[in-house]
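Quick caveat, the model's predicted, so the values are computed rather than measured. Letters go in sequence order (proteins before strands), and every chain restarts at 1. Heavy atoms only: backbone and side chains are in, while hydrogens, waters and symmetry mates are out.
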Protein chains: 2
Amino acid sequence: MNEATPGTVRPGGRTARVREAVLRAAGDALVEQGFGGVDLAEVARRAEVGKTTVYRRWGTVPALVADMLAEMAESSRPRADTGSLDGDLEALAALILATLTDDRQGPLFKAVIAAATGDAPTAEALHRFYRVRIAEWAPCVDLAVERGEVPAGTDPAEVVRCLSAPLYYRLLASGDPLDRDAAKRAAAAAAAAARAGVFADPPDVSAPKA
Amino acid sequence: MNEATPGTVRPGGRTARVREAVLRAAGDALVEQGFGGVDLAEVARRAEVGKTTVYRRWGTVPALVADMLAEMAESSRPRADTGSLDGDLEALAALILATLTDDRQGPLFKAVIAAATGDAPTAEALHRFYRVRIAEWAPCVDLAVERGEVPAGTDPAEVVRCLSAPLYYRLLASGDPLDRDAAKRAAAAAAAAARAGVFADPPDVSAPKA
DNA sequence: TTCATAACGGGACTCCAGTTGCGTTAACGA
DNA sequence: TCGTTAACGCAACTGGAGTCCCGTTATGAA
């Protein structure tokens with residue numbers, strides 16, 4: 001009665017091709033229609049795959065998105081190493097900006113985040129994705145600590161989040177312009193806060209004086 | 001052939017009651033099911049209102065959410081005035097934290113933002129909502145400028161966004177803990193960046209040195 | 001190569017979200 | 001108070017998303 005999750009026992013050949021086609025079709029549909037406008041029947045048609053297959057293997061749109069996120073977490077973007085914290089953070093901000101304003105990736109991220117708001121496993125997959133991305137760029141901050149640019153004990157993840165957040169906030173919530181200036185301010189703000197010791201490890205969170 | 005949007009010509013009595021009941025039912029449904037799990041037929045049932053009415057007057061879930069947002073933009077939250085920028089920003093961060101972690105408001109904000117990702121008018125309503133909220137708290141920064149805490153020309157909206165963003169980022173994207181520490185760090189980071197002149201008006205965006 | 005079976009696909013079926021038509025109620029102006 | 005008609009509600013209808021059954025394909029192990 002307990003059947004294994006489809007795709008985990010025979011992941012080769014046909015199964016892999018089906019998964020690839022379905023994920024691509026799902027991505028296209030999400031970009032064009034947004035999260036609310038996509039259903040599995042349409043994804044199956046686009047992927048030229050049996051409707052039954054899609055329903056059996058994924059079942060819901062958020063579950064399909066969760067699988068996409070697992071795939072996305074694999075593809076690693078190289079971090080910058082410009083020799084200074086400001087340079088590295090500006091490079092990261094520029095990368096995020098380019099991603100979120102991209103004609104395909106921007107709408108895709110919107111749709112993926114929308115899907116994650118209503119489904120716990122999808123949310124978990126999304127969190128994993130960002131954990132990976134944040135960890136990839138953490139060394140920039142570690143190097144800055146070694147160089148003495150920021151206090152010892154500065155939490156790299158906090159710095160990266162502080163930089164990313166304003167750009168996502170514009171994309172999802174406020175709708176304010178998502179341009180080079182916004183990216184530069186985000187990078188500068190994260191750097192300034194890090195230098196001021198806001199992200200240093202002792203819970204000395206009370207705003208330090210300049 | 002062109003009929004006026006329902007509710008705009010006779011907004012009194014029955015129409016107002018219907019709108020109220022539908023918006024409340026829609027809010028409940030969004031909180032419980034999330035954006036993806038709500039349809040207008042169910043909302044009509046919950047509101048004990050004719051299905052036809054809901055479809056004629058709103059037509060889609062995002063349109064209904066847009067109407068909710070117009071309502072939400074009305075209810076104004078008073079800003080703090082503690083006498084210092086740090087105090088005011090901490091109060092704002094605490095308010096946002098309380099909202100996003102509230103059992104009803106948290107899920108509601110998630111659902112509303114999800115709805116806005118796929119529908120331009122709803123997104124516009126959301127942006128208006130945040131424009132109002134940000135403008136309400138801008139005086140904190142203006143006062144700080146007068147007190148000499150931050151450079152003249154500091155953009156109040158930028159400061160408020162810089163503070164809000166990390167909390168929304170946690171709620172929607174990274175899933176990192178949304179607690180008092182996070183709120184305090186967000187406030188401290190915004191204050192530090194503002195003091196460093198990151199949000200001052202001349203496009204001197206290149207990170208200033210401490 | 002052969003075999004057992006995991007995974008896919010076609011097609012019929014169900015169910016309900018969304019539409020339509022029309023009669024009823026009540027808001028608002030005179 | 002009365003009449004017009006905006007707005008609501010009921011009931012019948014429709015289309016397609018999601019389910020189920022069963023036959024087919026081709027993977028992976030021996």
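- Counting any heavy atom pair closer than 4.0 Å across all strands shown, A/Gly7 reaches sugar-phosphate atoms only and no base atom.
- A donor atom on one side chain and an acceptor atom on the other are not found under 3.5 Å apart for A/Asp86 and A/Ser84.
- Whole-Å rounding puts the A/Trp58 CH2 to C/dC8 C1' distance at 11 Å.
- Salt bridge present: B/Glu124 and B/Arg131 bring a charged side-chain N and a carboxylate O closer than 4.0 Å.
- Scored by the salt bridge (Lys or Arg N to Asp or Glu O under 4.0 Å) test, A/Asp28 finds A/Arg104 as partners (sequence neighbours excluded).
- A close approach under 4.0 Å does not occur between any side-chain nitrogen or oxygen of B/Arg56 and OP1 or OP2 of D/dA6.
- The side chain of A/Arg57 places an N or O atom within less than 4.0 Å of a non-bridging phosphate oxygen (OP1 or OP2) of C/dC8.
- Closest-nucleotide positions on DNA chain C for B/Gly13 and B/Gly59 were compared, and the one nearer the 5' end corresponds to B/Gly59.
- Mapping B/Thr15 and B/Val38 onto DNA chain C by nearest heavy atom places B/Val38 closer to the 5' end of the strand.
- In this entry the distance linking OH of B/Tyr55 with C1' of C/dT20 reads 13 Å, nearest Å.
- Separating the CG atom of A/Asp39 from the C1' atom of C/dG18 is a distance of 14 Å, rounded to the nearest angstrom.
- Remark: C1' of C/dC8 and CZ of A/Arg14 are 4 Å apart, rounded to the nearest angstrom.
- Heavy atoms of B/Arg45 sit under 4.0 angstrom from primed sugar atoms or phosphate atoms, though from no base atom.
- Rounded to whole angstrom, the span from the CZ atom of A/Arg17 across to the C1' atom of C/dG9 amounts to 14 Å.
- The separation between A/Arg19 atom CZ and D/dA26 atom C1' is 20 Å, rounded to whole Å.
- Ranked by how close their nearest DNA chain D nucleotide is to the 5' end, B/Glu48 and B/Lys51 are led by B/Glu48.
- Looking at residues two or more places apart in sequence or on another chain, you find no salt bridge (Lys or Arg N to Asp or Glu O under 4.0 Å) involving B/Arg14.
- For B/Thr53 and D/dA7, the shortest distance from a side-chain N or O to OP1 or OP2 is not below 4.0 Å.
- Ring geometry for B/Tyr168 against B/Tyr130 counts as perpendicular: the plane angle is over 60°, on a 0 to 90° scale with 30° as the lower cut.
- Judged by closest nucleotide on DNA chain D, B/Pro11 is the one of B/Thr52 and B/Pro11 placed further toward the 5' end.
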